[in-house]
Amino acid sequence: MDIRDLRINGERLKSTLERMAEIGRTSGGGVHRLALSDEDKQARDLLIKWLQEIELEVAVDEMGNIFGRRAGKKDNLPPVMSGSHIDSQPKGGRFDGILGVMGALEVMRTIQENQIENTRPIMIVDWTNEEGSRFSPAMAGSGVWTGKLERDWAYARKDFHGKKIGEELERIGYKGQALAKRWPVYAYFELHIEQGPILERVGKKIGIPQGIVGIRWYDVFIEGKANQVGPTPMEGRNDALCSAAEMILQVEALPAQMGGNMVATVGEIHNDPNSRNIIPGQVHFTVDIRSWDDPLTDRAEGELQTGFQKIATKRNCPARIEKIWKVEHTPFDEFLVTQVGKIAAQLGYPSYSLVSGAGHDATYMSQVAPTAMIFVPSIGGRSHVEVENTRWEDCEAGGNVLLHCILQSAR
Ligand code: HGY
Ligand code: MN
Ligand code: MN
């Protein structure tokens, strides 16, 4: 058979995605599969079972990253790698991350059953804690593996209940023996849903990201003075929640104020003691700023620090701002980006170039190896929600583009 006619098994890809969506399924049709949770463990165990069924060499590293390896005729050559993440957002979607892992699995199954001879080794990977929702920052598994984050620092990162990454890896049995230390990679491809409205709006099946925006995460802690709401006059209060409210509206106004292509969001907030008849004493909230323009983000950061301190002083509620994560904007490898476009065209899929506003493990991979991504449309542009959805035929199209990207790079 002419290898150009090879296609993945779309029905099988659909059934693996549906099977994975059962793990952590929510009543609203999404998934709740937080990093290193029991649901994450179940999904990992199932992935490993499937990798073993197609005789891949399976390894788990000290960050819990899972690798499946298919030997190549020239087995000492740097491999072609592909993957994404299994963990989800709280009440997240059935496609974010898992499509990239199941897509790579489907490619491996297709290569194996057609006895394709690959010159380079081919590897599939599931990266630990891509979402960064339970444990910040995001992409901790790929961050340590690429050498961009320090392992013990990552191990010590705590969730809201004080559980640490290192302990939770141990608890679910995924603190592997292998060092989380990169090796040379010939090419890395990641299949992912777009998570935005563009592909649907332009009516294209395949998105070709030129790269990923820069991302910065901050934790803000405000110290007020709790008191009884009744006897305490309004004058002279140190209400931490009102302080936070003013700061949060400053975050929302920041992109327009900076006048560039930027988004800024406060997604998480904790109010203490959080009782209707106590003036809020302490507040912790998060800030997420993203832009392709790193210098603009530098300036935005300065504006935010100044603005927050003014509010803190005015309200006599001291604020502490911790920058906990920063990745610069990441352009992908031009040769591979062009290759994705050519293959989409050869397969008859209309494609469209864009920049990814969502973060991905490809951000870190692009700093150590030639990297490209393949997007497929998100229905209604929705993601990180239970209604996240992508057409099965678009998942299949993305899987076929991934198949031929991997075959071309591994031949
Ligand atoms: O934050 C992101 O864009 C990704 O979902 N971790
Ligand atoms: Mn993702
Ligand atoms: Mn996500």
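Indexing begins at 1, ligand by ligand and atom by atom, following the structure's order. Because the structure is a prediction, the values reported are computed rather than measured.
- Separation of atoms NE2 (H85) and CD (E131) is listed at 4.5 Å; rounding is to 0.5 Å.
- Not less than 6.0 angstrom separates the ring centroid of H360 from the ring centroid of F332.
- Of all atoms in ligand 1, numbered sequentially from 1 with element shown, those under 4.0 Å from a heavy atom of E131 are 4 (C), 5 (O), 6 (N).
- Residue R290 holds the heavy atom nearest to atom 2 (C) of ligand 1 of all those in Q89, R290, M139, Q195.
- Just one of K163, R157, R134 meets the salt bridge (Lys or Arg N to Asp or Glu O under 4.0 Å) condition when paired with E168; it is R134.
- Checked against a 3.5 angstrom limit, the closest N/O atoms of G359 and ligand 1 fall inside it.
- A salt bridge links D45 and K41; the closest N-O separation between the charged side-chain nitrogens and carboxylate oxygens is under 4.0 Å.
- The protein non-hydrogen atom at the shortest distance from atom 6 (N) of ligand 1 is E130 OE2, 3.1 Å.
- At least one N/O-N/O distance between H384 and ligand 1 falls below 3.5 Å.
- Among the atoms of H85, none of the N, O or S atoms falls under 2.8 Å from the Mn ion (ligand 3).
- Short contacts between ligand 1 and A358, defined as distances under 4.0 Å to a heavy atom of the residue, involve ligand atoms 3 (O).
- Our summary of the site lists the angle at the Mn ion (ligand 3) between NE2 of H384 and OD2 of D96 as 90°, to the nearest 10 degrees.
- Using a 4.0 Å cut-off between charged nitrogen and carboxylate oxygen, E301 and K326 do not count as a salt-bridge pair.
- A salt bridge does not link R151 with D61: none of the charged nitrogens is closer than 4.0 Å to a carboxylate oxygen.
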